[in-house]
S.K.: 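Quick one: structure below, then a few questions.
So that the names make sense, note that chain A is the first sequence line, chain B the second, and so on, each numbered from 1.
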2 protein chains.
Amino acid sequence: MKLANDLRNFREKRGGISQEALANAVGVSRQTIISIEKGRFIPSAFLALKIAKFFDTSVEDIFYLIDGQNNKIRWRVKWK
Amino acid sequence: MKLANDLRNFREKRGGISQEALANAVGVSRQTIISIEKGRFIPSAFLALKIAKFFDTSVEDIFYLIDGQNNKIRWRVKWK
DNA sequence: AATTATTGTAAAGTATGCTTTACAATAATA
DNA sequence: TATTATTGTAAAGCATACTTTACAATAATT
């Protein structure tokens, strides 16, 4: 089980912004953004939430668990 | 803006399990769990997702952003 | 084609998320 | 009350998430 992400897609396709702009918006360096996009860094939950908030979506939409065959692991969200 | 969490409530009230049991379930040490509950550590997104999955809920249910007056910051999740 | 914008990599340094170990304090159980 | 379970704290060490700086490569614009 590993962590994967769809950050680049969100940034380019849904946000239409540069790494620099996203970095400034969530309070990190551009190199941090690319390191996350390239899977070199795992972001803190704090940063993941700020990124999710920026894109008006949930953490699970951008960052997700994958199994040994790179399949997205999903679970039902119950209660609230 | 800071990170807060409701982990203890989830663990005790909804899970009815000890810190040790949760720690084992998500693959960290018990001290890590209490450090998160007490706000001493900010978990990685990877760990936050594993914890959310364990409780069949979303990251945002357990971990959330708060403002200067400790109010929960919410945003609407759009698209999917 | 030249210039600008964006992306990508690397390195070194700092801060912190984690680990283990140990003990104390508190709560629950017998 | 004694014992066990759980929670809490502390310290030291390791790994890595970050920072800055620098340069290269690629893409977009003029």
S.K.: Are there more than 12 heavy atoms of other residues, nucleotides or ligands under 6.0 Å from atom NZ of Lys2(B)?
M.R.: no

S.K.: Taking all atoms of both residues into account, what is the closest heavy-atom pair of Ile73(B) and Met1(B), and its distance?
M.R.: CD1-SD, 3.6 Å

S.K.: What is the 5' to 3' range of DNA chain D, first to last nucleotide, that sits under 4.0 Å from any heavy atom of chain B?
M.R.: dT7(D) to dA10(D)

S.K.: Polar-atom pairs under 3.5 Å, protein N or O versus N or O of nucleotides 28-30 of chain C: list them with distances, or write none.
M.R.:
none

S.K.: Side-chain N or O of Thr32(B) less than 4.0 angstrom from OP1 or OP2 on dC18(C)?
M.R.: no

S.K.: Could you tell me the separation between the CD1 atom of Ile34(B) and the C1' atom of dA27(C), rounded to a whole number of Å?
M.R.: 14 Å

S.K.: Quick check: are there more than 12 heavy atoms from other residues, nucleotides or ligands sitting under 6.0 Å from NZ of Lys53(A)?
M.R.: no

S.K.: Under 4.0 angstrom, heavy atoms only, what part of the nucleic acid is Ser29(A) near: base, sugar-phosphate, or nothing?
M.R.: base

S.K.: Which comes earlier along DNA chain C counting from the 5' end, the contact point of Gln31(B) or that of Ile36(B), where each point is its nearest nucleotide?
M.R.: Ile36(B)

S.K.: Got a sec, which residues hit side chain to side chain contact (heavy atoms under 4.5 Å, CB included) with Ser35(A), two or more places apart in sequence or on another chain?
M.R.: Arg40(A), Phe41(A)

S.K.: Within this structure, what is the CZ-CZ distance for the pair Phe54(B) and Arg14(B), rounded to the nearest 0.5 Å?
M.R.: 13.5 Å

S.K.: Which whole-number value in Å describes the distance from Ile51(B) CD1 to dG17(C) P?
M.R.: 13 Å

S.K.: Start at the 5' end of DNA chain C and walk down; is the nucleotide closest to Arg30(B) or to Ile42(B) reached first?
M.R.: Ile42(B)

S.K.: What residues form a side chain to side chain contact (heavy atoms under 4.5 Å, CB included) with Ala4(A), not counting sequence neighbours?
M.R.: Tyr64(A), Ile66(A)

S.K.: Does any non-hydrogen side-chain atom of Ile51(A) lie less than 4.5 Å from one of Phe63(A)?
M.R.: yes

S.K.: What is the distance, rounded to the nearest whole Å, between atom CG of Leu47(B) and atom P of dT16(C)?
M.R.: 18 Å

S.K.: With sequence neighbours left out, what residues match Ala21(B) under side chain to side chain contact (heavy atoms under 4.5 Å, CB included)?
M.R.: Ile17(B), Ser18(B)

S.K.: Does any part of the side chain of Phe46(A), heavy atoms only, come nearer than 4.5 Å to the side chain of Leu65(B), both counted from C-beta?
M.R.: yes

S.K.: Do Val26(B) and Thr32(B) come within less than 4.5 Å of each other through their side chains, counting heavy atoms only?
M.R.: no

S.K.: Looking across every strand, which nucleic acid part, if any, lies under 4.0 Å from Ser35(B) by heavy atom: base, sugar-phosphate, or nothing?
M.R.: nothing

S.K.: Near DNA chain D, under 4.0 Å by heavy atom, which residues of residues 18-27 of chain B?
M.R.: Ser18(B), Gln19(B)

S.K.: How many angstroms lie between atom OG1 of Thr57(B) and atom CZ of Phe10(B), to the nearest 0.5 angstrom?
M.R.: 4.5 Å

